[in-house]
Every structure is written in C-alpha cells, then in structure tokens.
Undergrad: 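Structure below; questions to follow.
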Amino acid sequence: MKEKQPIPIPPPPPSQNGVVSERTAEPTLPDDLIVDILLRLPVKSLGKFKCVSKQWRRLITDPRFNSLHRELCSQNPSILMVKKYPLLREPHMRKCTTVDLCAFNFNGFRKNHEFSLYLDDDEKNIEMLPSKRGLVCFVSESGFYACNPSTQITTKLPEASCCTSGEVNAGMGYVAERDEYVLVHLFDRSLDIHVDYDIGCEVLTLRDGEDCSWKVVDANCPFVVRGWGVLVNNVFYWMIWDEYNELGDEAIVSFDLEKEEFGIVAPPEGCFDPHGAWSLVELGGRLCLVDNAARPSTMDIWVLTDLESRSWVKEYSIHMSAYSNDMLSFIAPLDYWNGKIVMDVKQESLDFYDVEEKKIERMDHLISGEWNWLRTYTESFFSFGSK
C-alpha cells in the first residue's frame with residue numbers, strides 16, 4: 001500500500017528584502033474584538049496579559065481602555081469581605097496582623113481576588129474606613145494604609161499628624177470629577193488640660209501613579225465627632241459626638257473640600273437622637289441619615305435633598321421585625337445598587353432591601369463570622385506613587 005503523502009503547507013510570502021517574516025504567518029484579530037474580550041477580565045489578569053504581545057500591551061495601557069474598563073466595572077460592583085487576625089510570632093517580636101480579603105459578586109459567588117496583607121500593629125488597634133471604589137484604607141496606631149484589592153498592592157501612607165487624644169477620626173472618598181481619592185484626618189492637638197479641644201484638619205490626595213503628602217488646612221473642626229467621615233459631592237460629613245436632645249443642638253459637622261471650610265448641618269426637623277444612635281452613609285450619591293432608634297423594629301433613612309436649604313426627606317422606612325432589638329443598632333447600610341439597599345447585619349449576614357417590593361433578601365454562600373468588615377468595591381488600575 002502506497003504511503004499517503006502529507007499535504008504541503010505553502011511558505012509565508014517573503015518580505016520586500018527577500019527575508020521571510022514570522023509575523024506574517026501569525027493570525028491576528030482586529031483591535032476592537034480584542035478590546036471587547038479584554039474588557040471582561042479582572043485587573044490582575046490584565047496586568048499579566050500586557051506581556052503577551054506589543055499589541056495587547058498597547059491596548060491595555062491605552063487611557064481609553066482604562067476608562068471603559070472602569071465604567072464597565074462600576075456597573076458590576078463587588079462585595080469585599082475582610083477579616084483580621086493576629087499573626088503568630090515569637091513573644092519577643094513586634095505584634096503583626098494578617099488581613100484576608102476576598103471578593104464576591106452580588107450573587108454570592110467568589111471571584112478570583114483572594115489574598116492577604118500584613119500590617120505592623122496589634123489586631124485590636126486596626127480599623128477599616130468605609131469606602132466604595134477601587135481603594136480601601138486601614139488605620140492603626142502605626143498610621144494609615146491604602147490597598148488596591150485589584151492589583152493586591154498595599155502601601156503605608158505618609159505619617160499623619162499626632163493626635164493627643166489617641167482617637168482616630170478620618171474619612172476617605174473618591175472624587176470622580178478629578179479621578180482621585182481624598183483622605184481627611186481630624187486630630188486633637190490640645191496640650192493644655194484646661195482647653196477642651198483644639199481639632200486640626202489635614203487632607204491627603206491620592207492620584208494615580210503620583211506621590212502624596214498631607215496638607216494641614218487653616219480651618220479647625222468646631223466639634224468632637226464620632227464615626228467615620230462620609231463624602232458626598234466634595235463635602236465630608238461626620239456626626240457630632242454629643243447626643244441630639246433638643247431643637248437647636250448641633251448634630252452634623254461638614255467639611256467642604258473646595259472651600260476648606262467647616263459647617264453645621266441641622267438634622268431632620270422634629271427628630272431627636274438622645275442615645276447617639278444615628279449614623280451617616282452615602283447611598284446612590286446622596287447623604288443619608290440612618291435612624292434605628294426612633295421607632296420600634298424600624299429603620300428610617302432620611303435623605304439630604306438640598307444642602308443649602310438643609311432639606312431632609314424620609315426616603316425609606318424599613319420594617320426590621322425579622323431582627324432582634326439587640327441587632328438593630330449593628331445593622332449598617334453599605335450601598336444602594338440596582339434598586340436595593342445592601343446591608344451588613346452584625347457580621348452575620350449580607351442582606352438586600354428591595355425598595356420596590358419592600359422586602360429583605362439574604363445573600364447565600366456566606367458563613368457567619370467570616371468577616372470583620374464588608375465593603376462594596378469596583379476594579380481599578382490605580383497605582384501608588386513611591387511614597
């Protein structure tokens with residue numbers, strides 16, 4: 001039987017100088033098709049795929065690709081589950097804390113962001129600031145740390161001013177118009193025991209790939225505050241430490257980033273906070289005041305509709321009869337997404353309140369006690385400077 005001859009493969013055409021180019025033998029795809037595929041990938045993978053070819057590197061590093069990827073990710077945010085625990089070391093060594101981060105989509109399934117970072121401080125001293133965008137921020141006695149979960153890179157921020165009271169009052173937010181993150185730190189610098197407080201304010205701006213430093217502003221914060229700062233439309237807000245017992249009392253202090261000035265915001269008319277239970281959160285780009293105490297088994301959410309006129313509207317009244325009274329003060333709204341208010345329930349569950357159906361749903365696949373903090377976040381290419 002005659003042996004079958006292989007089908008000959010024609011050689012690639014020669015180049016103009018007569019030398020055969022390997023490039024001409026490689027199949028190529030149009031740029032728009034490659035971009036459409038790459039846009040669906042996480043930032044960590046895209047960082048690796050820049051090494052595939054010069055074409056892919058050019059497409060991935062294009063600012064337009066970055067913008068499109070950010071816009072697509074903002075439409076599909078993730079849930080970031082964060083847990084801290086002490087790193088076991090020898091007794092004579094300095095205490096260190098392990099922080100585990102894991103991302104979920106809103107269906108409760110894990111994504112490929114699961115990693116650990118290490119902070120040089122006691123686990124009891126570490127807190128996490130509220131955030132919703134590409135960066136998260138931790139603070140401890142040793143200072144502030146910023147982390148990009150997408151790239152899994154963490155940096156210690158420049159040393160902040162010393163606070164004589166030992167308390168940490170700060171806030172971090174994202175300013176979309178300038179594509180930058182802003183960290184505001186309030187610090188007590190009073191050294192005289194006869195002076196109640198002297199609260200200074202400093203601002204640190206994080207821009208992609210640039211170094212950063214603190215700027216102390218001229219204005220002083222007029223009140224002692226509680227809770228973390230909430231950024232809405234270039235203005236940070238804090239609850240004032242004192243309880244709101246009667247009309248005329250101050251309840252909320254504001255700091256305008258543009259004017260670098262502090263102000264006072266009156267609470268909803270006729271509402272009081274004798275137990276200091278109110279909290280602030282940004283939902284859907286609006287400042288919201290959360291009241292779990294005014295009415296039994298009810299969470300009232302007031303929305304500041306106009307900063308100039310200080311107008312508040314009770315936008316939501318959520319019936320919380322499914323939760324015990326002990327739990328109500330630990331339920332924290334995180335975000336507003338796709339017609340639902342996302343709520344962290346005492347580190348035990350992640351629940352969604354459907355504003356149209358007026359019912360609460362629980363996310364599956366989460367195990368109680370697996371986290372210390374939950375945050376919503378979006379993928380980001382943001383890179384830190386050298387400092």
Side-chain angles (χ1 to χ4, degrees), residues 77-83 104-109 128 130 132 226-228 230 232 237-240 242-247 249 251-252 266-305 311-376:
S78 303
I79 298 292
L80 193 67
M81 184 174 71
V82 185
K83 184 175 180 63
F104 291 79
N105 61 26
F106 273 74
N107 293 322
F109 296 101
M128 185 179 186
K132 295 185 179 181
R226 60 178 172 87
W228 301 113
V230 176
V232 179
Y237 300 89
W238 286 266
M239 294 301 307
I240 294 174
D242 297 329
E243 294 85 358
Y244 186 75
N245 293 314
E246 57 185 59
L247 291 176
D249 288 349
I252 301 170
E269 186 175 356
C271 296
F272 301 95
D273 184 28
H275 305 293
W278 286 348
S279 62
L280 299 174
V281 66
E282 178 263 312
L283 298 176
R286 301 182 296 175
L287 179 69
C288 297
L289 185 149
V290 181
D291 184 359
N292 285 328
R295 297 191 293 163
S297 301
T298 303
M299 175 188 287
D300 289 329
I301 300 181
W302 295 80
V303 175
L304 182 64
T305 57
S311 299
W312 294 87
V313 173
K314 188 189 295 185
E315 192 88 1
Y316 311 105
S317 290
I318 306 175
H319 296 292
M320 312 292 282
S321 56
Y323 308 100
S324 66
N325 290 331
D326 294 338
M327 292 183 67
L328 287 180
S329 60
F330 295 98
I331 299 176
L334 298 177
D335 206 349
Y336 178 88
W337 181 78
N338 200 25
K340 297 179 181 180
I341 296 175
V342 186
M343 301 185 296
D344 180 7
V345 182
K346 201 181 179 180
Q347 302 176 5
E348 292 186 3
S349 66
L350 184 70
D351 295 355
F352 299 90
Y353 174 72
D354 190 312
V355 299
E356 292 293 333
E357 299 291 333
K358 300 187 183 303
K359 65 180 182 179
I360 296 175
E361 303 170 353
R362 178 158 295 180
M363 176 184 278
D364 296 327
H365 313 295
L366 293 186
I367 301 174
S368 174
E370 272 197 338
W371 65 88
N372 296 101
W373 306 286
L374 290 177
R375 299 288 185 264
T376 57

Undergrad: Could you pull out the closest heavy-atom pair between C288 and L283, with the gap in Å?
TA: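 For C288 and L283, the tightest heavy-atom pair comes out as SG-CB, 3.8 Å.
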
Undergrad: Hey, could you give me the OG/CD1 distance between S279 and I331, rounded to the nearest 0.5 Å?
TA: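 S279 atom OG to I331 atom CD1 measures 11.0 Å (nearest 0.5 Å).
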
Undergrad: I want to check something: taking the side chain as every heavy atom from C-beta on, are P267 and W278 in contact at a cut-off of under 4.5 Å?
TA: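 A side-chain contact under 4.5 Å exists here.
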
Undergrad: Do L280 and V290 make a side-chain contact, defined as non-hydrogen atoms from C-beta onward lying under 4.5 Å apart?
TA: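 No - every pair of side-chain heavy atoms lies 4.5 Å or more apart.
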
Undergrad: Inspect the surroundings of NZ in K358 and state if more than 12 heavy atoms from other residues, nucleotides or ligands are less than 6.0 Å away.
TA: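 No, the 6.0 Å shell around NZ holds no more than 12 heavy atoms from other groups.
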
Undergrad: Is the shortest side-chain heavy-atom distance between L287 and W302 below 4.5 Å?
TA: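 Contact flag for L287/W302 side chains = no.
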
Undergrad: Roughly how far apart are R375 CZ and M128 CE, rounded to 0.5 Å?
TA: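 If I round to the nearest 0.5 Å, the distance is 5.0 Å.
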
Undergrad: Could you tell me which non-hydrogen atom of G227 sits nearest to which non-hydrogen atom of W238, and how far apart they are?
TA: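 Scanning both residues, the minimum pair turns out to be O-CD1, 3.5 Å.
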
Undergrad: Tell me, please, which residues at least two apart from A322 pass side chain to side chain contact (heavy atoms under 4.5 Å, CB included).
TA: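 Here no residue qualifies.
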
Undergrad: Will you find, in the side chains of N292 and S329, an N or O donor that is under 3.5 Å from an N or O acceptor?
TA: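 Per modelled atom types, N292 and S329 side chains form no pair under 3.5 Å.
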
Undergrad: List the steps and the verdict of side chain to side chain contact (heavy atoms under 4.5 Å, CB included) for D354 and E356.
TA: CA-CA 6 Å; D354 190 312; E356 292 293 333; 3.6 Å; yes

Undergrad: Roughly how far, to the nearest 0.5 Å, is the CG atom of N372 from the CG atom of D344?
TA: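 So the gap between those two atoms works out to 10.5 Å.
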
Undergrad: Is M81 close to K83 at the side-chain level, that is, under 4.5 Å between some pair of heavy atoms?
TA: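 Side-chain contact under 4.5 Å: no.
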
Undergrad: Which pair of non-hydrogen atoms, one from I79 and one from V342, has the smallest distance, and what is that distance?
TA: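 Here I79 and V342 meet closest at CD1-CG1, 4.3 Å.
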
Undergrad: For the pair D351 and R362, find out whether any cationic side-chain nitrogen is under 4.0 Å from an anionic carboxylate oxygen.
TA: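 Looking at R362 together with D351, the answer is yes, because their closest N to O distance falls below 4.0 Å.
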
Undergrad: Is there a side chain to side chain contact (heavy atoms under 4.5 Å, CB included) between L80 and T376 once you walk through the steps?
TA: CA-CA 6 Å; L80 193 67; T376 57; over 6 Å; no

Undergrad: Would you name the heavy atoms of I360 and H319 that are closest together and state the gap between them?
TA: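 Shortest heavy-atom contact: CD1-O, 4.0 Å.
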
Undergrad: Tell me, do Y323 and V345 make a side-chain contact under 4.5 Å, heavy atoms counted?
TA: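 Y323 reaches V345 side chain to side chain.
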
Undergrad: Provide the closest heavy-atom pair for R295 versus S317 in the form atom of the first, atom of the second, distance.
TA: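 What the structure gives for the nearest pair is NH2-OG, 3.1 Å.
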
Undergrad: Could you check if a side-chain atom of M363 sits within less than 4.5 angstrom of a side-chain atom of F352, using non-hydrogen atoms only?
TA: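 Answer yes - side chains close enough.
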
Undergrad: Should D335 and R286 count as an ion pair when the cut-off is N to O under 4.0 Å?
TA: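 Between R286 and D335 there is no salt bridge, as every charged N stays at least 4.0 Å from the carboxylate O atoms.
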
Undergrad: Should Y336 and V355 count as side-chain neighbours, where that means a heavy-atom distance under 4.5 Å?
TA: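 Yes, side chains in contact.
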
Undergrad: Test F104 against L350 for side chain to side chain contact (heavy atoms under 4.5 Å, CB included), laying out the working first.
TA: CA-CA 11 Å; F104 291 79; L350 184 70; over 6 Å; no

Undergrad: Side chains of I341 and I318: does their closest heavy-atom pair fall under 4.5 Å?
TA: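 Answer yes - side chains close enough.
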
Undergrad: Could you check whether the rings of Y316 and Y353 sit parallel, tilted or perpendicular, using 30° and 60° as the cut-offs?
TA: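 Perpendicular.
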
Undergrad: Would you name the heavy atoms of M299 and M320 that are closest together and state the gap between them?
TA: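 What the structure gives for the nearest pair is N-CG, 3.7 Å.
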
